[in-house]
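Data block below; observations after.
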There are 2 protein chains.
Amino acid sequence: MKERLQKAFARTGLRQTPQRHDVLAWLVRHKRHSTAEEIFEAVNRSNQRLSRATVYNALHALVESGLVRPVAVEGAASRFDATLDRHHHFICDRCGAIEDLAWFGLPVKAMQAAAGGRAVRDVEITLHGTCERCARGKTKPPPKTE
Amino acid sequence: MKERLQKAFARTGLRQTPQRHDVLAWLVRHKRHSTAEEIFEAVNRSNQRLSRATVYNALHALVESGLVRPVAVEGAASRFDATLDRHHHFICDRCGAIEDLAWFGLPVKAMQAAAGGRAVRDVEITLHGTCERCARGKTKPPPKTE
DNA sequence: CCACACTCTTAGACTAAATCTAAAGTTGGA
DNA sequence: TCCAACTTTAGATTTAGTCTAAGAGTGTGG
Ligand SMILES: [Mn+2]
Ligand SMILES: [Mn+2]
Ligand SMILES: [Zn+2]
Ligand SMILES: [Zn+2]
């Protein structure tokens with residue numbers, strides 16, 4: 001594990017610091033699209049001195065270097081993902097869960113045509129709907145009348 | 001214009017109020033993916049009494065009813081879009097501009113396979129990269145050393 | 001080994017985004 | 001007309017994220 005991260009840092013040229021390591025390690029270990037706050041709370045438990053600003057700094061640096069990918073969520077805190085294998089996301093309307101979907105290819109030709117003269121760095125695909133748990137009524141209808 | 005909105009409200013069954021009308025009208029007139037705050041400032045100019053909470057309420061109701069679609073932006077305020085014809089989005093890494101892209105179809109089969117048992121309501125596709133203005137160096141490199 | 005520039009971390013203040021609250025206003029139907 | 005449900009309002013509150021200024025760590029050249 002330690003070595004895997006070592007290599008990741010080396011590969012991207014991003015300077016490794018204990019804080020950045022811990023943030024990345026948390027994301028790699030807990031593949032669940034955590035928010036900056038969640039990461040702060042977790043990592044701060046083992047390192048009392050670690051500050052919120054450092055978590056944001058580290059996340060920015062990691063995103064910048066490509067080791068982490070941000071997942072924007074409408075009206076809520078951004079989430080972060082250290083799973084490098086390419087994949088898509090599914091967000092449940094009801095419970096907000098973010099689930100990984102297997103990668104599927106895109107109509108590259110049509111896409112480039114639509115993009116016109118723009119330089120495309122990345123394509124983000126998010127499906128929205130109802131997750132299986134919610135479909136089975138396993139989740140309380142969102143914090144309402146509850 | 002007035003009638004178009006009338007019909008839109010009627011069609012979706014969403015109760016029309018002057019405030020909701022004004023919010024929707026602004027979005028229809030200014031096709032530029034405004035934030036709640038921008039809408040508030042604009043609409044509040046002509047109706048002093050309109051409050052921020054109402055803008056958020058109205059936007060939620062409109063999104064709920066399908067007349068408006070939200071556009072999540074990583075690390076920034078959500079934006080809203082009343083252009084109903086389906087289309088995709090392009091977000092510029094450098095200047096943050098959100099541009100509309102012509103619609104292009106998706107590999108439905110592969111997508112459903114990836115979604116498995118989940119009920120998909122909507123698919124959101126966002127391309128990221130550098131817009132044409134930025135590519136031509138027409139924009140100042142984002143608020144840095146500036 | 002030291003000096004110095006550079007990078008990074010820290011605590012906490014600050015700004016911005018969004019939600020909540022409780023009271024007042026509006027609406028449509030009985 | 002009356003009522004219950006719905007909507008709006010101002011402002012407080014919560015939450016997300018940025019900024020700042022001081023200090024700590026790192027690496028290179030002397
Ligand atoms: Mn993921
Ligand atoms: Mn659009
Ligand atoms: Zn769900
Ligand atoms: Zn741009």
Side-chain angles (χ1 to χ4, degrees), chain A residues 6 9-10 12-24 26 33-65 67-68 70-80 96 98 142-146, chain B residues 6 9-10 12-24 26 33-65 67-68 70-80 96 98 142-146:
Chain A
Q6 291 278 1
F9 278 105
T12 62
L14 179 65
R15 178 129 106 192
Q16 181 175 356
T17 68
Q19 295 82 352
R20 286 174 184 171
H21 171 96
D22 291 354
V23 167
L24 181 54
W26 168 269
H33 311 103
S34 309
T35 62
E37 184 64 23
E38 285 165 0
I39 298 168
F40 168 72
E41 280 168 20
V43 181
N44 180 264
R45 253 193 288 285
S46 54
N47 174 2
Q48 282 301 126
R49 298 272 331 273
L50 178 111
S51 82
R52 224 171 294 267
T54 298
V55 172
Y56 280 99
N57 290 344
L59 285 170
H60 284 150
L62 289 165
V63 167
E64 190 71 16
S65 74
L67 291 175
V68 164
V71 184
V73 184
E74 148 66 16
S78 291
R79 294 174 169 276
F80 298 86
I98 301 184
K144 262 303 194 257
T145 340
E146 224 255 297
Chain B
Q6 291 278 359
F9 278 105
T12 62
L14 178 65
R15 182 132 111 192
Q16 185 179 178
T17 68
Q19 295 82 353
R20 286 174 184 172
H21 171 96
D22 291 354
V23 167
L24 181 55
W26 168 268
H33 310 103
S34 310
T35 62
E37 183 64 21
E38 284 164 2
I39 298 167
F40 168 73
E41 281 170 19
V43 182
N44 180 265
R45 251 192 291 284
S46 54
N47 173 0
Q48 282 301 127
R49 297 272 328 275
L50 177 111
S51 83
R52 225 172 293 266
T54 297
V55 172
Y56 279 99
N57 289 344
L59 285 170
H60 283 151
L62 290 165
V63 167
E64 190 70 16
S65 75
L67 290 174
V68 163
V71 184
V73 185
E74 146 67 16
S78 291
R79 295 174 169 276
F80 298 87
I98 301 184
K144 264 297 196 264
T145 339
E146 225 255 297

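By convention in this document, chain letters (A, B, ...) are assigned in the order of the sequence lines, proteins followed by strands, and residues within each chain are numbered from 1.
Taking all atoms of both residues into account, the shortest heavy-atom contact from Leu50(B) to Asn44(B) is O-ND2, 2.9 Å. When all heavy atoms are compared, the tightest approach of Val73(B) to Ala72(A) is C-CB, 3.9 Å.
Comparing dA18(C), dA10(D), dA16(D) against the side chain of Ala77(B) picks out dA18(C) as the nearest. Minimum atom distance to the side chain of Ser51(A) is reached by dT10(C), of the listed dA10(D), dT10(C), dC8(C). Comparing dT8(D), dA11(C), dA10(D) against the side chain of Asn57(B) picks out dT8(D) as the nearest.
Counting to the nearest Å, the C1' atom of dT26(C) and the CZ atom of Arg15(B) are 8 Å from each other. With rounding to whole Å, Leu59(A) atom CG is found 12 Å from dG17(D) atom C1'. Rounded to whole Å, the distance from CD on Gln16(B) to P on dG28(C) is 11 Å. Atoms CD (Glu64(A)) and P (dC8(C)) sit 12 Å apart, rounded to a whole Å. Across the protein-nucleic acid pair, Asn47(B) atom CG and dT26(C) atom P stand 12 Å apart, rounded to whole Å. Straight-line distance from the CG atom of Asn44(B) to the C1' atom of dT9(D): 12 Å, rounded to whole Å. Spacing between atom NE2 of His21(A) and atom P of dC8(C) amounts to 17 Å, rounded to whole angstrom units. Taking atom CD of residue Glu37(A) and atom P of nucleotide dT15(D), one finds them 9 Å apart after rounding to whole Å.
Considering only side-chain N and O atoms, Thr17(A) lies nowhere under 4.0 angstrom from the phosphate OP1 or OP2 of dT7(C). Taking side-chain N and O atoms only, Tyr56(B) has no distance below 4.0 Å to OP1 or OP2 of dT19(C). Between Arg52(A) and dT18(D), a side-chain N or O to OP1/OP2 separation shorter than 4.0 Å is absent. In this model, the phosphate group of dT18(D) is approached by a side-chain N or O of His60(A) to a distance below 4.0 Å at OP1 or OP2. A sub-4.0 Å separation between OP1 or OP2 of dT9(D) and a side-chain N or O of Thr54(B) is present. OP1 or OP2 of dT9(D) lies within a sub-4.0 Å distance of a side-chain N or O belonging to Gln19(B). Proximity of Ser78(A) to the phosphate of dG17(D): a side-chain N or O atom is located under 4.0 Å from OP1 or OP2.
Heavy-atom nearest nucleotides on DNA chain C were determined for Leu14(A) and for Ala53(B), and the one closer to the 5' end corresponds to Leu14(A). Of the two residues contacting DNA chain D, namely Leu50(B) and Ala76(B), the nearest-nucleotide position lying further toward the 5' end is that of Leu50(B). Judged by closest nucleotide on DNA chain D, Arg20(B) is the one of Gln48(B) and Arg20(B) placed further toward the 5' end.
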Could you list the donor-acceptor pairs under 3.5 angstrom formed between side-chain atoms of residues 52-63 of chain A and any protein atom two or more places apart in sequence or on another chain?
| residue | atom | partner | partner atom | Å |
| --- | --- | --- | --- | --- |
| Arg52(A) | NH1 | Glu37(A) | OE1 | 2.7 |
| Arg52(A) | NH1 | Glu37(A) | OE2 | 2.8 |
| Thr54(A) | OG1 | Ser51(A) | OG | 3.3 |
| Asn57(A) | ND2 | Ala53(A) | O | 3.4 |
| His60(A) | ND1 | Tyr56(A) | O | 3.4 |

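Using a 4.0 Å heavy-atom cutoff across all strands shown, Thr35(B) reaches no nucleic acid atom at all.
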Exercise. side-chain contact (heavy atoms from CB on, under 4.5 Å) between Phe80(B) and Val23(B): does it pass, once the steps are laid out?
Worked result: CA-CA 10 Å; Phe80(B) 298 87; Val23(B) 167; over 6 Å; no

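Counting only distance, with no hydrogens or angles, the side chain of Glu38(B) and the backbone of Thr35(B) share a donor-acceptor pair below 3.5 Å. Checking side-chain atoms of Arg20(A) against main-chain N and O of Arg15(A) turns up a donor-acceptor pair under 3.5 Å.
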